[in-house]
Amino acid sequence: VPDSYNQSFAFIPDGQRRAYHAMVKLLDDALKEIVHALQAHDFWNDLLMVMSTDNGGPIFAAANNFPLRGGKYR
């Protein structure tokens with residue numbers, strides 16, 4: 001993640017949580033650029049964009065994946 005994204009979340013004391021927020025923001029900004037490019041080329045109205053995620057957080061790190069069972073590495 002570029003340092004500017006990490007600096008945006010400098011108020012978060014935990015380094016891993018700060019890095020996570022920075023990565024999510026970077027992804028959000030990248031998706032915004034993709035959507036704007038599709039709109040600019042008039043593809044957006046005939047498009048179905050599908051977003052998918054993985055199987056949740058790691059249960060060894062006390063992630064809460066409710067209502068789903070399990071988590072990463074399991």
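Scope of the values below: all heavy atoms of this structure, side chains included, with no hydrogens, waters or symmetry mates.
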Test of understanding: clusters of I, L, V, M, F, W, Y form through side-chain heavy atoms closer than 4.5 Å, transitively. Do I12 and M23 belong to the same one? no

For the hydrophobic clusters of this structure (ILVMFWY residues joined by side-chain heavy atoms under 4.5 Å, transitively), does one cluster hold both V50 and F43? no

Can you tell me how far apart [atom1] ([X]) and [atom2] ([Y]) are? Round to the nearest 0.5 Å.
| X | Y | atom1 | atom2 | answer |
| --- | --- | --- | --- | --- |
| N6 | K25 | CG | NZ | 13.5 Å |
| F11 | H21 | CZ | NE2 | 6.5 Å |
| L38 | D46 | CG | CG | 11.0 Å |
| D14 | F9 | CG | CZ | 14.0 Å |

May I ask you to test the W44-M49 pair for a side-chain heavy-atom distance under 4.5 Å? yes

Around D29, counting heavy atoms of other residues, nucleotides and ligands shown, do more than 12 lie under 6.0 Å from its CG? yes

With sequence neighbours left out, the residues meeting side-chain contact (heavy atoms from CB on, under 4.5 Å) with P13 are none

Taken in chain and number order and not counting sequence neighbours, the residues that satisfy ring pair (Phe, Tyr, Trp, His ring centres under 6.0 Å) with Y20 are none

